[in-house]
Q: 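Here it is, the structure, as structure tokens.
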Amino acid sequence: QDKSTLEKRKVSGRPNGQLQNLFVSKEMLQKDGKVYLETDGCKVICSMKGPFNKQGWESSDCNFKVQVSFSNLNKKMEENEKAKSQASFQDKIHQCLKENILLSAYPGSQIELTLEVIEFDSDLFPYFILSSLLVFLSNGIQL
């Protein structure tokens with residue numbers, strides 16, 4: 001490999017091949033439905049409600065909802081950009097997780113997933129998926 005390839009760094013500033021630090025709160029990995037995930041430049045809280053029977057929900061399907069919030073985020077992000085990012089992430093995460101949760105195990109119920117971004121300076125999608133899967137596993141949701 002040429003020298004320029006070897007000297008390239010990731011967006012986070014880590015050299016290629018260096019492992020990224022990852023912290024998951026043990027206190028939150030309980031049946032309270034929350035996981036706190038922190039890594040270089042990214043902090044996310046993921047919470048889950050359900051499965052519960054939604055009043056007026058008369059379907060045999062499971063209603064799965066995803067909400068992404070950029071609360072308390074750096075002021076640099078404009079409201080319009082924030083709204084676009086929230087909608088985009090919600091759609092992507094919903095589609096990805098919907099395919100990997102055994103929704104048929106929860107007929108007539110609802111599962112609500114909330115992802116709150118506290119800080120970020122890199123691609124959030126992998127951390128959203130990881131924190132979501134940790135929440136599902138800690139709450140006994142079948143994948």
Side-chain angles (χ1 to χ4, degrees), residues 1 5-143:
Q1 294 180 349
T5 304
L6 293 174
E7 291 177 0
K8 284 185 181 176
R9 294 185 173 267
K10 304 218 181 265
V11 175
S12 65
R14 289 187 336 271
N16 283 329
Q18 180 181 349
L19 295 178
Q20 186 166 10
N21 295 325
L22 179 67
F23 171 79
V24 177
S25 172
K26 290 180 184 176
E27 291 79 32
M28 293 183 105
L29 268 176
Q30 300 168 2
K31 278 219 163 228
D32 65 353
K34 291 183 181 178
V35 166
Y36 172 76
L37 184 138
E38 181 178 329
T39 186
D40 300 334
C42 182
K43 296 177 184 175
V44 175
I45 295 176
C46 182
S47 60
M48 186 195 93
K49 292 180 186 175
F52 58 88
N53 292 329
K54 184 178 178 193
Q55 198 168 13
W57 181 252
E58 306 225 356
S59 175
S60 61
D61 295 333
C62 178
N63 187 19
F64 175 58
K65 293 185 172 190
V66 175
Q67 178 68 41
V68 174
S69 165
F70 286 91
S71 60
N72 302 327
L73 203 55
N74 55 25
K75 309 285 190 276
K76 294 185 281 185
M77 192 177 219
E78 295 179 26
E79 288 301 316
N80 191 28
E81 183 182 349
K82 198 183 287 190
K84 282 184 196 173
S85 294
Q86 286 173 333
S88 173
F89 278 124
Q90 284 172 189
D91 290 344
K92 287 178 186 176
I93 292 163
H94 184 270
Q95 191 62 33
C96 179
L97 293 175
K98 188 173 104 176
E99 302 295 323
N100 292 290
I101 302 170
L102 188 58
L103 294 175
S104 61
Y106 310 101
S109 62
Q110 181 164 313
I111 297 174
E112 297 176 359
L113 182 73
T114 303
L115 294 143
E116 182 180 351
V117 180
I118 300 168
E119 178 182 308
F120 81 98
D121 69 0
S122 60
D123 184 17
L124 285 168
F125 191 72
Y127 305 114
F128 280 167
I129 298 301
L130 178 58
S131 61
S132 300
L133 292 174
L134 289 171
V135 161
F136 291 146
L137 291 172
S138 69
N139 285 280
I141 298 297
Q142 298 178 41
L143 302 177

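Worth knowing before you read on, the calculation uses all heavy atoms, side chains too, and leaves out hydrogens, waters and symmetry mates.
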Q: Are the side chains of Y127 and K43 in contact, using a 4.5 Å heavy-atom criterion?
A: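 SC-SC contact between K43 and Y127 ruled out.
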Q: Roughly how far, to the nearest 0.5 Å, is the NZ atom of K98 from the CG atom of L103?
A: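 Interatomic distance, L103 CG to K98 NZ, rounded to 0.5 Å: 8.0 Å.
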Q: Given side chains that start at C-beta, do those of K65 and Q110 come closer than 4.5 Å, heavy atoms only?
A: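 Yes, their side chains come closer than 4.5 Å.
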Q: For G140 and Y106, work out which heavy atoms get closest and say how close.
A: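 Taking every non-hydrogen atom into account, O-OH, 3.6 Å.
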Q: Identify which one of T114, L113, L37 satisfies the side-chain contact (heavy atoms from CB on, under 4.5 Å) criterion when paired with S132.
A: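 It is L113, the one option of T114, L113, L37 that forms the side-chain contact (heavy atoms from CB on, under 4.5 Å) with S132.
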Q: Would you compute the distance between atom CD1 of I141 and atom CZ of F64 and round it to the nearest 0.5 angstrom?
A: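 Rounded to the nearest 0.5 Å, the CD1-CZ separation comes to 9.5 Å.
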Q: Tell me, do F89 and L115 make a side-chain contact under 4.5 Å, heavy atoms counted?
A: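 No, too far: nothing below the 4.5 Å cut-off.
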Q: State, to 0.1 Å, how close Q86 and S69 come at their nearest heavy-atom pair, and which atoms those are.
A: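 For Q86 versus S69, the nearest heavy atoms are NE2-CA, 3.6 Å.
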Q: Atom CD of Q142 and atom OG of S104: how far apart are they, to the nearest 0.5 Å?
A: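 Between atom CD of Q142 and atom OG of S104 there are 8.0 Å.
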Q: Would N100 and F136 count as a side chain to side chain contact (heavy atoms under 4.5 Å, CB included) here? Give the steps.
A: CA-CA 11 Å; N100 292 290; F136 291 146; over 6 Å; no
Q: Kindly compute the distance separating CG (L130) from SG (C42), expressed to the nearest 0.5 Å.
A: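 Result: 10.0 Å between the selected atoms.
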Q: Does a side-chain heavy-atom distance below 4.5 Å link L143 with I101?
A: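 When only atoms from C-beta onward are counted, I101 and L143 do touch, with a gap below 4.5 Å.
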Q: Side-chain contact, heavy-atom cut-off 4.5 Å: F128 with C96?
A: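 The answer is no; the side chains never approach within 4.5 Å.
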Q: Are Q90 and H94 close enough that some pair of their side-chain heavy atoms sits under 4.5 Å apart?
A: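 No - every pair of side-chain heavy atoms lies 4.5 Å or more apart.
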Q: Do L134 and C46 come close enough that some side-chain heavy atom pair is under 4.5 Å?
A: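 No, side chains not in contact.
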Q: So, do L133 and L97 sit near enough that their side-chain heavy atoms are less than 4.5 Å apart?
A: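 In contact.
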